[in-house]
Amino acid sequence: MKKVTMIVIGAVMLAVPAAVYAATEVKSYKHERMFDRHDTNKDGKISKDEIDPRWSNMFEKMDTDSDGFITKEEAKEGRKMMREARMDFMIGALDSDKNGELSEQEVTDFVLQNFRKADADGNGSLTKEEMKAAKKMFKEEFRGHHGHGKG
């Protein structure tokens with residue numbers, strides 16, 4: 001029973017956070033704080049000079065009126081656009097029959113595949129260390145797929 005519980009907990013820990021992260025709305029206060037952190041001169045808009053150069057491509061997409069600044073409204077819409085893109089990516093990655101919907105079997109296959117990746121010693125259960133390593137590995141894979149990697 002303990003082994004089954006560990007497997008279920010491991011599977012949930014691997015699958016659910018990514019789905020929840022991609023699907024949830026960013027709370028307004030968090031969005032505001034993030035915007036304010038990037039608006040270093042506190043003029044109510046973000047210029048390209050105020051962001052990390054790695055995000056210049058995203059800046060162009062979010063600056064919908066092409067005035068060289070991102071307003072709070074453009075940032076809000078940009079976050080919405082990124083969430084939609086993550087959802088599209090997840091569905092595309094998991095939807096093996098390409099019907100635009102995720103079946104229970106497709107999600108189960110994904111969870112089992114990732115569980116097996118995380119099970120470094122192949123013994124059918126996950127240790128705390130394997131789960132920590134898997135979290136780091138999956139985070140890096142996710143960033144790599146979205147061009148948010150370092151460099």
Side-chain angles (χ1 to χ4, degrees), residues 6 8-120 126-151:
M6 186 66 159
V8 170
I9 290 170
V12 169
M13 287 182 69
L14 294 173
V16 172
V20 170
Y21 176 74
T24 38
E25 291 290 326
V26 175
K27 295 194 187 302
S28 178
Y29 74 91
K30 189 174 183 179
H31 170 75
E32 293 286 329
R33 281 194 339 224
M34 188 173 67
F35 186 91
D36 291 343
R37 185 181 56 202
H38 291 287
D39 182 16
T40 56
N41 66 3
K42 306 300 179 210
D43 65 353
K45 52 191 174 185
I46 300 171
S47 70
K48 208 169 195 175
D49 294 335
E50 292 175 294
I51 63 164
D52 188 308
R54 293 179 293 178
W55 294 96
S56 63
N57 187 35
M58 186 55 65
F59 183 93
E60 301 299 328
K61 291 177 184 176
M62 292 176 82
D63 181 18
T64 55
D65 63 4
S66 300
D67 67 352
F69 298 98
I70 297 174
T71 63
K72 284 186 179 184
E73 188 58 36
E74 286 173 320
K76 183 179 178 182
E77 289 302 311
R79 299 281 303 164
K80 191 183 213 181
M81 175 185 67
M82 288 188 295
R83 280 192 308 276
E84 288 294 320
R86 282 192 300 267
M87 285 299 275
D88 291 344
F89 171 79
M90 285 179 58
I91 290 173
L94 301 178
D95 184 16
S96 58
D97 63 7
K98 303 299 178 202
N99 70 350
E101 298 176 352
L102 295 181
S103 69
E104 182 178 343
Q105 187 63 52
E106 288 167 327
V107 173
T108 302
D109 290 346
F110 173 76
V111 170
L112 286 173
Q113 176 186 6
N114 284 315
F115 181 90
R116 290 179 183 129
K117 274 190 204 178
D119 185 13
L126 297 176
T127 64
K128 192 174 191 178
E129 290 75 27
E130 287 173 321
M131 291 181 73
K132 285 179 183 178
K135 181 180 176 184
K136 183 178 179 181
M137 175 180 61
F138 295 137
K139 185 176 181 180
E140 291 301 317
E141 283 182 12
F142 182 77
R143 284 183 175 170
H145 287 300
H146 293 289
H148 298 249
K150 295 179 182 177

Nearest-0.5 Å distance that lies between atom [atom1] in [X] and atom [atom2] in [Y]:
X	Y	atom1	atom2	value
K42	D36	NZ	CG	5.5 Å
F59	D52	CZ	CG	13.0 Å
I51	T40	CD1	OG1	11.0 Å
N41	I46	CG	CD1	10.0 Å
M87	M82	CE	CE	15.0 Å
K72	D39	NZ	CG	7.5 Å

Any [X] side-chain heavy atom under 4.5 Å of [Y] side chain:
X	Y	value
K48	F69	no
K45	I70	no
T64	E77	no

| request: Would you kindly say whether D109 and Q113 are connected by a side-chain donor-acceptor distance under 3.5 Å? | output: no
Counting heavy atoms not belonging to K98, are there more than 12 under 6.0 Å from its NZ? yes
Taking all atoms of both residues into account, what is the closest heavy-atom pair of [X] and [Y], and its distance?
X	Y	result
M58	M81	SD-CE, 4.1 Å
F35	A75	CD1-CB, 3.8 Å
L94	E106	O-CB, 3.5 Å

Answer yes or no: is there a donor N or O on one side and an acceptor on the other, between the side chain of [X] and the main chain of [Y], under 3.5 Å?
X	Y	answer
D95	G100	yes
E140	M137	no
E84	R79	no

